[in-house]
Amino acid sequence: MKSDNIQFIQNILQANSIPIHHITDSMDRLESIDLGLRSKILGLPDSEFHLREWLSSIRPDIIYFQKDIFQCHYIALYLPEEAYWFLCGPLLFDAMDEYHFQCLVDSLELPEEFHANLKFYYERMPFFPSRDVLKSIFEELGNAVYGKGHFQIEYSDNNTLDLWHTNYKNYLRIPEEPFLNIRIIEARYETENALMDAVSNGNEPLALELAAKFRTFVLPQRLPDRIRDLKDYTITLNTLLRKSAEQAGVHPIHIDSHSNSTIPFIEDITNIEEFYTFHRRMVHEYCRLIRKYNLQNYSVMIRKALTYINTDLCADLRLNVLAELLNVNASYLSTLFKKEVGMTLTDYVNKSRVEHAQKLLLCTDIPIKSIAQQCGIPDIYYFTRLFKRITGTTPKVYREESPHETRSALLRLKQGAKD
């Protein structure tokens, strides 16, 4: 009676052109189980091994509905009395139209050379319009095999059939181009080196153009979680850009501060498109960092002096104090600083403090007295005189007369950075 029920269910599935396989431990080859997708179309190794590994993990009281990374569905259960696995599939529950096909090949980053054969594969794929109907059919099969109420149905999209994250894509082989992977990897490394050179030289347009090329490269997915994998790649890009800034002569204290502040933003990214947008933002911000703190054209001593000044505007930055920190004569430091920077050390400090105050006046609603203190000038009256002497207006007027649109935009930008 049980065998009759199994045959009846099998007849229903076959009438709907759904592939059925009876798999035993003694079967030699399982390459055709997926209609040749992995072995013949993609040329992937070990697909048979992963299928056997999955089947061996199947419990005898569970019916498994499994979806693989190619959006193909399989249903499997073990028949104890018959001593074989009953495997149904592959099949589709949703039609593979042009849009979904493009999304699939983009997410798997499959080279275009595979697209035509893959499309033909999906055109031959059995399509069953109702998951619920198929579930009901297998519930009846479960009742016949295990007894009513003595089995479970388990759904899984965990890609058990594929370890795509273990550099699977590096195995893709195009017969006409046997060394394509070597050229792809070489091109990626060349682009990385060119990007580092462009950033360290402050060539932002070229750097952005090179960063955009990364979207065209096939990056091996090393982890099951695609988003986590892209976060790690982005952290690697951050490291490359950090080294570019170091080559440009930016002091490590500025690089480290900027690099560390970048990581939380990377961790907040939730979709693939955001990564490519953020890559452009990273390149732009590192180029800006280099423009601001590039000290390659200065002597070692002046680099140190500028780093002390730019790091903490609230510190005591008088000439004698800095000379003592640098262990040099104050007169010598003053002469060398004016020669290399083009202004006296005191004028540079005052200019830097006022420029910082201008940003705070536009980007915050902090009281002017507090801004003066944050710029290293606790005397509000002296701060106002110094600000007016350098900018031609007072801090109060500067804030009030700045274009409303500019101030609002800067406030929104600052708030967005916090969020």
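All figures in this text were calculated on a predicted structure; none of them were measured in a lab.
The aromatic rings of H279 and Y276 sit perpendicular to each other, their planes meeting at more than 60°, with 30° as the lower class boundary. Classified by interplanar angle (parallel below 30°, tilted 30° to 60°, perpendicular above 60°), the ring pair Y146/F151 is tilted. Using bins of under 30°, 30° to 60° and over 60° for the plane-to-plane angle, the ring pair F93/F128 lands in the perpendicular bin.
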Taking distance alone, no hydrogens or angles, what donor-acceptor pairs closer than 3.5 Å link side-chain atoms of residues 242-250 to residues at least two apart or in another chain?
from : atom 1 : to   : atom 2 : distance (Å)
K243 : NZ     : E246 : OE1    : 2.7
S244 : OG     : M196 : O      : 3.4
S244 : OG     : L240 : O      : 3.0

Side chains of residues 119-127: which donor-acceptor partners sit under 3.5 Å, not counting sequence neighbours?
from : atom 1 : to  : atom 2 : distance (Å)
K119 : NZ     : E98 : OE1    : 3.4
K119 : NZ     : E98 : OE2    : 3.3
Y121 : OH     : D34 : O      : 2.7
Y122 : OH     : F70 : O      : 2.6

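Salt bridge absent: D94 and K67 never bring a charged side-chain N and a carboxylate O closer than 4.0 Å. Ion pair R228/E267 flagged as a salt bridge, since at least one NZ, NE, NH1 or NH2 atom sits closer than 4.0 Å to an Asp/Glu carboxylate oxygen. By the 4.0 Å N-to-carboxylate-O rule, K359 lies too far from E355 to be salt-bridged with it.
Side-chain N/O atoms of N193 and D197 include no donor and acceptor closer than 3.5 Å. Looking only at atom types and distance, the side chain of Q358 has no donor-acceptor partner in the side chain of T391 under 3.5 Å away.
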Working for salt bridge (Lys or Arg N to Asp or Glu O under 4.0 Å), residues R59 and E154: CA-CA 11 Å; R59 287 172 45 188; E154 184 175 292; over 6 Å; no
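Here OG1 of T234 is found 6.0 Å from CG of L230. Values are rounded to the nearest 0.5 Å. Within the model, atoms CZ of R318 and CG of D316 stand 4.0 Å from one another, a figure rounded to the nearest 0.5 Å. One finds the CG atom of L92 at 7.0 Å from the NE2 atom of H73 (value rounded to the nearest 0.5 Å). Rounding to the nearest 0.5 Å gives a distance of 8.0 Å between CD1 of I9 and CZ of F138. Taking CG from N238 and NE2 from H258, the interatomic distance works out to 7.0 Å, rounded to the nearest 0.5 Å. Here S257 contributes atom OG and H254 contributes atom NE2; the two are 9.0 Å apart, rounded to the nearest 0.5 Å.
Smallest separation of non-hydrogen atoms from K135 and F65: CA-CZ, 3.9 Å. Heavy-atom minimum distance, L345 versus L317: CD2-O, 3.6 Å. Between I366 and I371, the closest heavy-atom pair is O-CD1, 3.6 Å.
Other residues, nucleotides and ligands contribute over 12 non-hydrogen atoms within 6.0 Å of the CD1 atom of I20. Sparse packing is recorded around CZ of R280, with 12 or fewer heavy atoms of other residues, nucleotides or ligands lying under 6.0 Å away. Other residues, nucleotides and ligands contribute at most 12 non-hydrogen atoms within 6.0 Å of the CG atom of N327. Residue-environment remark: NZ (K304) stays at or below the threshold of 12 foreign heavy atoms within 6.0 Å. More than 12 heavy atoms of other residues, nucleotides or ligands lie within 6.0 Å of CD in E139, so this atom counts as buried by the packing criterion.
Looking only at distances, a side-chain donor or acceptor of T335 sits under 3.5 Å from a matching main-chain atom of S331.
A cation-pi geometry, defined here as NZ or CZ lying under 6.0 Å from the six-membered ring centre and within 45° of its normal, holds between R281 and F265.
Partner W85 forms a ring pair (Phe, Tyr, Trp, His ring centres under 6.0 Å) with one of Y74, Y64, Y78 and no other, that one being Y78. Applying the side-chain contact (heavy atoms from CB on, under 4.5 Å) test between F387 and each of L361, N350, I377 identifies L361 as the sole match.
For the pair P80 and V145, the minimum side-chain heavy-atom distance is below 4.5 Å.
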